[in-house]
Novice: 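Dropping a structure here in structure tokens format, bear with me for questions.
Since we're looking at a predicted model, the values are computed, not measured. The residues of the chain are indexed from 1 along the displayed sequence.
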Amino acid sequence: MTRETLIKKLEDIEWEDFEVKEAHAELPKNIWETVSAFSNTSGGWIMLGIKQAGKKYEIKGVANPEKLEQDFINTLRGDKFNVKIRPLCRKYNFPEGTVLAFYIPLSDKKPVYYNTQANTFIRTGSGDQKATKEEIDAMYRDQAFGTQSSKVIPDSSIKHLHAGSLEQYRQYVRRSSPEHAYNRLTDEDFLSKLRMAVDGQLTYCGLLFLGTNDAIQMHFPDFRIDYLEIPGTSYSDAKVRYTFRLDEQENLWQYFFALFNRLRQQLDLPFKLTADGFASEDYPQLGALREALVNLLMHTDYFSPAKPRIRVFDDRMEFLNPGALPEPLEKIMAEDLSLPRNPILAKLFRVARLAENAGYGFDKMVDGWQSYTGITPEFTSDTSFTKSVFPKAIQSKKSTEATEKVGDRVGEKVGDRVGENLTDNQQLMVTLIREDPYVSAKKLAEKVGISSRKIEENIKKLKDKGVIARIGPAKGGYWKILTAL
């Protein structure tokens, strides 16, 4: 490192991985706080022989570099800390004096503290803060990263699974992977093969994914994925606290579809059909949100008192899940590492082809969202949570033109086929569907004042005329208006 590189690095107000100490003749007392903080957060450099004055840095040098280096290394390898720390050491000789640099690596045995557990620190911004009890507890759980949720629950059984969810999941796997060998297994063998059950007892992941809500609540009190739509750019400027809050769902499988359907409504997607006549879900921006949702569900620390949450503001969508990443965010994004906190959950989503087969899917999230907004999603992580933010923006010109072309084609087909005005009942049905895309046929019959059979007949006519289309399954899907009337 040259003198110019060092000074430039230090004067960058955004750095978090450097801490300077003047340390002319002896080690400063607060150096151990920084060692603990770097070990518990994401690693970093401690520089001795530099004086900070506001935002300016001055190289002063240390008086006895060999002694300071030995004192520091011997302390880290001694009994002062609860784990042995092996720093990377560098010495820089500048005209102003010698600067010592020590890289403190991120520890895999967190929490790291000196003397007593009360001296556990974390790095926030460019400062050291004493860790809270909750943060220390999270660090202990992280020691078992990737194993805790795979453990078997004593006295549990497959009777604690929600039968309807199990059947829906198996049907989904059959549709997405018709040739998969799992489709030929009995339910018991299927659950065992996917490690949702071991010798008839459920794993924590199996319970979370397909369990009944009552059974889940016994082991995860207040189990929920908190979803709010907030009419503003912050909590403070919203006229009301929220305009929509997702009801509690049975398990993670049910949460996935309920959440995905709400997120889909945040995107202005052109309607198009697949070769099989189904509504297409093949949109990069929708894939980005699906990947973010699956990431949240796969990587949440469900043993944390904090809850995973999704917030939809006027200008952005935020996904936040409790639990730190196993490696620094930059390393995971650069190498696309596959280190899920809940590996069984990761496999369950991948078997259903709802998640990437490798890594965290950052490329898919970034590329998909950029294609829609031109803006890159933001990802942050610290010792207790991981957060993904998708800024909203006006559709790109390319996307808008594509939407208009699809709309023109649909309009032409509708004009060719309708040839006559809709009946009063059909007009009312379209109005009701526009107000509530999730409205049921039963509710339509009640509001229109005709029989359910007549409603079904009119729905078929509206479909044939290209006025409406069904998106998704009969249960859990919604209606989409294809043309203005």
Novice: Give me the atom names and distance for the closest heavy-atom approach of Ser165 to Gln254.
Specialist: OG-NE2, 2.9 Å

Novice: Please name the pair of heavy atoms, one in Arg434 and one in Pro437, separated by the smallest distance, quoted to 0.1 Å.
Specialist: O-CD, 4.3 Å

Novice: So do the side chains of Leu252 and Leu345 get within less than 4.5 Å of each other, counting heavy atoms only?
Specialist: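 The answer is yes, as the side chains (C-beta and beyond) meet within the 4.5 Å cut-off.
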
Novice: Which heavy atom of Asp301 sits nearest a heavy atom of Gly323, and at what distance?
Specialist: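 Minimum heavy-atom contact is CB-CA, 3.9 Å.
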
Novice: How far apart are the closest heavy atoms of Ala258 and Leu246, and which atoms are they?
Specialist: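 Result for this residue pair: CB-CD1, 4.0 Å.
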
Novice: Between Phe223 and Tyr255, does the ring centre distance come in under 6.0 Å?
Specialist: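 Centroid separation for Phe223 and Tyr255: below 6.0 Å.
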
Novice: What do the steps show when you test Tyr227 against Arg311 for side chain to side chain donor-acceptor pair (under 3.5 Å), and what is the final call?
Specialist: CA-CA 6 Å; Tyr227 175 96; Arg311 298 289 184 263; over 6 Å; no

Novice: Hey, does Leu76 have a side-chain heavy atom less than 4.5 Å from the side chain of Ile104?
Specialist: yes

Novice: Does Asn115 reach the side chain of Asn82, with side-chain heavy atoms less than 4.5 Å apart?
Specialist: no

Novice: Given Ile481 and Val430, is the side-chain contact (heavy atoms from CB on, under 4.5 Å) satisfied, shown in steps?
Specialist: CA-CA 8 Å; Ile481 306 295; Val430 172; 3.9 Å; yes

Novice: Could you list all the salt bridge (Lys or Arg N to Asp or Glu O under 4.0 Å) pairs where at least one residue sits in residues 242-261, not counting sequence neighbours?
Specialist: Asp226-Arg245

Novice: Using atom types as modelled and distance alone, determine if a side-chain donor or acceptor of Tyr169 lies under 3.5 Å from a backbone N or O of Leu348.
Specialist: yes

Novice: Run the ring-centre check on Phe313 versus Tyr235 and record whether the distance is less than 6.0 Å.
Specialist: yes

Novice: In Å, rounded to the nearest 0.5 Å, how long is the span from OH of Tyr372 to NZ of Lys392?
Specialist: 9.0 Å

Novice: Is it the case that the side chains of Lys21 and Asn30 hold a donor-acceptor pair, with the cut-off being a distance below 3.5 Å and no angle test?
Specialist: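 Indeed, the side chains of Asn30 and Lys21 share at least one donor-acceptor pair under 3.5 Å.
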
Novice: Just checking, is any N or O donor in the side chain of Gln201 or Ser156 under 3.5 Å from an acceptor N or O on the other one?
Specialist: no

Novice: Check for a donor-acceptor pair, side chain of Tyr283 on one end and backbone N or O of Gly368 on the other, with a separation under 3.5 Å.
Specialist: no

Novice: Let me confirm one number: the CG-OG1 distance from Asp137 to Thr132, rounded to the nearest 0.5 Å.
Specialist: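 If I round to the nearest 0.5 Å, the distance is 8.0 Å.
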
Novice: Applying salt bridge (Lys or Arg N to Asp or Glu O under 4.0 Å) as the test, list every pair that has at least one member in residues 163-173; sequence neighbours left out.
Specialist: Glu167-Arg174, Arg170-Asp187

Novice: Of the non-hydrogen atoms in Ile375 and Thr373, which two are nearest, and what is the gap between them?
Specialist: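 Reported closest heavy-atom pair: N-OG1, 3.0 Å.
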
Novice: Hey, is the main chain of Ser234 close enough, under 3.5 Å, to the side chain of Asp237 for a donor-acceptor pair?
Specialist: yes

Novice: Scan residues 312-324 for pairs that pass salt bridge (Lys or Arg N to Asp or Glu O under 4.0 Å), counting only residues two or more places apart or in two chains.
Specialist: Arg316-Glu318, Glu318-Lys387

Novice: What distance do Tyr302 atom OH and His299 atom NE2 have between them, rounded to the nearest 0.5 Å?
Specialist: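 So the gap between those two atoms works out to 10.0 Å.
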
Novice: Report yes if some heavy atom in the side chain of Ile468 is under 4.5 Å from a heavy atom in the side chain of Ile433; otherwise report no.
Specialist: yes

Novice: Could you work out, with side chain to side chain contact (heavy atoms under 4.5 Å, CB included) as the rule, every residue matching Arg195, not counting sequence neighbours?
Specialist: Val198, Ile344

Novice: Using the ring of each side chain (for Trp, its six-membered ring), is Phe349 parallel, tilted or perpendicular to Trp253, with breaks at 30° and 60°?
Specialist: tilted

Novice: Heavy-atom distance under 4.5 Å between the side chains of Glu188 and Ile158, does that happen here?
Specialist: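 Side chain of Glu188 against side chain of Ile158, heavy atoms only: contact under 4.5 Å found.
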
Novice: Let's go through Leu289 and Phe390 carefully: what are the C-alpha distance in whole Å and the side-chain angles of both, what is the deciding distance for side-chain contact (heavy atoms from CB on, under 4.5 Å) to 0.1 Å, and is it a yes or a no?
Specialist: CA-CA 8 Å; Leu289 293 185; Phe390 292 79; 4.0 Å; yes

Novice: I need the single residue from Glu33, Glu19, Glu135 that forms a salt bridge (charged side-chain N to carboxylate O under 4.0 Å, His left out) with Arg123. Which is it?
Specialist: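 Between Arg123 and the candidates, salt bridge (charged side-chain N to carboxylate O under 4.0 Å, His left out) is satisfied uniquely by Glu19.
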
Novice: With a 6.0 Å cut-off on the ring centroids, do Phe81 and Tyr113 count as close?
Specialist: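 For Phe81 and Tyr113, the ring centres are not under 6.0 Å apart.
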
Novice: Look at the side chain of Ser36 and the backbone N and O of Val112, then say whether any donor-acceptor pair between them is shorter than 3.5 Å.
Specialist: yes

Novice: Give the table of side-chain donor-acceptor pairs shorter than 3.5 Å for residues 207-215, with sequence neighbours excluded, one pair per line with atom names and distance.
Specialist:
residue, atom, partner, partner atom, Å
Thr212, OG1, Ala215, N, 3.2
Asn213, OD1, Gln217, NE2, 3.4
Asn213, ND2, Gln249, O, 3.0

Novice: Can we call the ring centroids of Phe303 and Phe220 under 6.0 Å apart?
Specialist: yes

Novice: Distance alone, cut at 3.5 Å: any donor-acceptor contact between the side chains of His180 and Ser177?
Specialist: no

Novice: I need the Asp363 CG to Glu291 CD distance, nearest 0.5 Å.
Specialist: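 Asp363 CG to Glu291 CD: 10.0 Å, rounded to 0.5 Å.
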
Novice: Check the pair Tyr242, Glu229 against side-chain contact (heavy atoms from CB on, under 4.5 Å), reporting the backbone distance first and the verdict last.
Specialist: CA-CA 6 Å; Tyr242 56 83; Glu229 293 175 3; 5.9 Å; no

Novice: Run the numbers on Lys130 and Thr120 for side-chain contact (heavy atoms from CB on, under 4.5 Å), then give the verdict.
Specialist: CA-CA 6 Å; Lys130 186 165 286 191; Thr120 303; over 6 Å; no

Novice: Side chain to side chain contact (heavy atoms under 4.5 Å, CB included) with Ser192: which residues, sequence neighbours excluded?
Specialist: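 Checked Ser192 against side chain to side chain contact (heavy atoms under 4.5 Å, CB included); zero matches.
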
Novice: Indicate yes or no for a side-chain donor-acceptor contact from Ser107 to the backbone of Lys109 under 3.5 Å, with no hydrogens or angles considered.
Specialist: yes

Novice: Is there side-chain contact between Phe102 and Cys89, with heavy atoms separated by less than 4.5 Å?
Specialist: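 Side-chain contact under 4.5 Å: yes.
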
Novice: Minimum heavy-atom separation for Met47 to Ala101, with atom names?
Specialist: SD-CB, 3.5 Å

Novice: Spell out, as yes or no, whether a donor-acceptor pair under 3.5 Å connects the side chain of Trp369 to the backbone of Pro391.
Specialist: yes

Novice: For Leu185, does its backbone N or O pair with a side-chain atom of Asp189 as donor and acceptor, under 3.5 Å?
Specialist: no

Novice: Could you state the interatomic distance from CG (Leu161) to NZ (Lys159), rounded to the nearest 0.5 Å?
Specialist: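 With rounding to 0.5 Å, CG (Leu161) is 12.0 Å from NZ (Lys159).
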
Novice: Taking Ile122's backbone N and O only, do any of them form a donor-acceptor pair with Asn40's side chain (distance below 3.5 Å, no angle check)?
Specialist: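 Absent.
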
Novice: For the pair Phe38 and Tyr103, evaluate ring pair (Phe, Tyr, Trp, His ring centres under 6.0 Å) and give the outcome as yes or no after the intermediate values.
Specialist: CA-CA 9 Å; Phe38 280 149; Tyr103 183 78; 7.8 Å; no

Novice: Can you confirm whether Lys110 sits close enough to Ser39 that some side-chain heavy atom of one is under 4.5 Å from a side-chain heavy atom of the other?
Specialist: no

Novice: Are Ile310 and Leu293 side-chain neighbours, meaning at least one heavy-atom pair lies under 4.5 Å?
Specialist: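 Yes, at least one pair of side-chain atoms sits under 4.5 Å.
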
Novice: To the nearest 0.5 angstrom, please state how far the OG atom of Ser176 sits from the CG atom of Leu354.
Specialist: 7.0 Å

